[in-house]
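Everything below concerns the one structure shown next.
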Amino acid sequence: MTGTYGPIDPHEAAATVREALDSGITMFDTGDFYGEGPNEELIGRTLAPHRDRAILATKTGVRRTAEGLMPAGSPNELRRVCEASLRRLRTDHLDLYYLARVDPAVPVEESVGALADRFVLAGNSLGALVALQTAVTAPERVEGLVLIGYRPHDQPASPASASRLGR
């Protein structure tokens, strides 16, 4: 809704999001690479007054370049873009944050560890997920369950929750 398919009317786009929420849709999934941030800004601005009614999911791990979408999954990059997503979405927690792609230059454990450290252990997210796409795009690098953690945001992180994540 932010220009990938041509010009948009921001008021109409916001009205569409509000209508979806009013119609009972509660999960909104976006990505930091959708227009390089404007889609998250639209969702954040529109849903901020209704945050308690909405489940926010966003994804990262990809940068748009002249060559197309390129993987970007270093822990430092993930921490940086995570903070930017939180600001654009106007929230202090995400309900779901996940990698859209695995960066072949970065061990997947490092990328997943950065997500776990930032979200599950920091105490401000319901969870973090390495997307099922990961298992499809890099099956040789993923074993077993792709969900790396789940902890309700109103329960504090603890050493026990860290050990369940293998951290």
Side-chain angles (χ1 to χ4, degrees), residues 1-65 68-103 106 111-134 146-157 161 165:
M1 294 196 332
T2 55
T4 300
Y5 300 105
I8 64 143
D9 176 337
H11 299 293
E12 184 178 327
T16 301
V17 171
R18 283 191 301 276
E19 178 65 27
L21 186 64
D22 291 342
S23 296
I25 294 172
T26 58
M27 183 169 179
F28 296 85
D29 187 331
T30 185
D32 66 357
F33 51 89
Y34 294 169
E36 297 301 312
N39 205 72
E40 286 182 333
E41 290 170 356
L42 168 72
I43 297 293
R45 184 173 53 250
T46 306
L47 293 180
H50 314 285
R51 181 62 177 101
D52 61 328
R53 295 173 48 204
I55 296 169
L56 284 179
T58 194
K59 60 188 100 29
T60 193
V62 179
R63 290 291 136 250
R64 199 172 292 278
T65 70
L69 292 177
M70 303 299 290
S74 75
N76 287 338
E77 172 74 358
L78 292 174
R79 287 182 199 99
R80 184 186 68 74
V81 297
C82 162
E83 296 306 321
S85 288
L86 288 168
R87 281 191 302 278
R88 285 190 295 265
L89 288 165
R90 299 182 183 194
T91 187
D92 64 352
H93 73 281
L94 295 168
D95 300 302
L96 182 62
Y97 189 67
Y98 56 99
L99 291 173
R101 303 285 187 280
V102 171
D103 187 336
V106 178
S111 297
V112 171
L115 295 179
D117 290 344
R118 175 59 183 90
F119 289 104
V120 179
L121 302 180
N124 69 350
S125 176
L126 288 176
L129 176 76
V130 177
L132 291 173
Q133 278 181 305
T134 298
V146 295
L147 182 64
I148 62 162
Y150 176 85
R151 185 189 45 72
H153 71 275
D154 61 348
Q155 293 181 8
S161 64
L165 294 172

Atom pairs and distances, donor-acceptor, side-chain atoms in residues 68-76, under 3.5 Å, two or more places apart:
unit_1: S74; atom_1: OG; unit_2: E77; atom_2: N; d: 3.1
unit_1: N76; atom_1: OD1; unit_2: R79; atom_2: NH1; d: 3.1

key: Set of side-chain contact (heavy atoms from CB on, under 4.5 Å) partners for R90, sequence neighbours left out   = R45, A48
query = Does a donor on one side chain and an acceptor on the other come within less than 3.5 Å for Y98 and D29?
reply = yes
Non-neighbouring partners of S111 that pass side-chain contact (heavy atoms from CB on, under 4.5 Å), sequence neighbours left out = L78, L99, V106
Spacing of D32 atom CG and N39 atom CG [to the nearest 0.5 Å] = 10.5 Å
query = salt bridge (Lys or Arg N to Asp or Glu O under 4.0 Å): which pairs involve residues 47-56, sequence neighbours left out?
reply = D22-R53, R51-D95
Which atom pairs, donor and acceptor, lie under 3.5 Å between side-chain atoms of residues 10-19 and protein residues at least two apart or in another chain?
unit_1: T16; atom_1: OG1; unit_2: E12; atom_2: O; d: 2.9
unit_1: E19; atom_1: OE2; unit_2: S23; atom_2: OG; d: 3.2

note = side-chain contact (heavy atoms from CB on, under 4.5 Å) filter on A20, not counting sequence neighbours, yields I25, F28
request  = Decide whether E40 and T30 meet the rule of one side-chain donor and one side-chain acceptor closer than 3.5 Å.
outcome  = no
Test log, rule side-chain contact (heavy atoms from CB on, under 4.5 Å), inputs L96 and I55 = CA-CA 8 Å; L96 182 62; I55 296 169; 5.8 Å; no
ask   = When rounded to the nearest 0.5 angstrom, what distance separates OH in Y34 from NZ in K59?
value = 3.0 Å
ask   = Between V81 and Y97, is a side-chain contact (heavy atoms from CB on, under 4.5 Å) present by the stated rule, with each step listed?
value = CA-CA 11 Å; V81 297; Y97 189 67; 3.6 Å; yes
task = Using only heavy-atom distances, determine whether the side chains of R63 and T60 contain a donor-acceptor pair under 3.5 Å.
result = yes
Distance, nearest 0.5 Å, that separates CG of L94 from CG of L86 = 4.5 Å
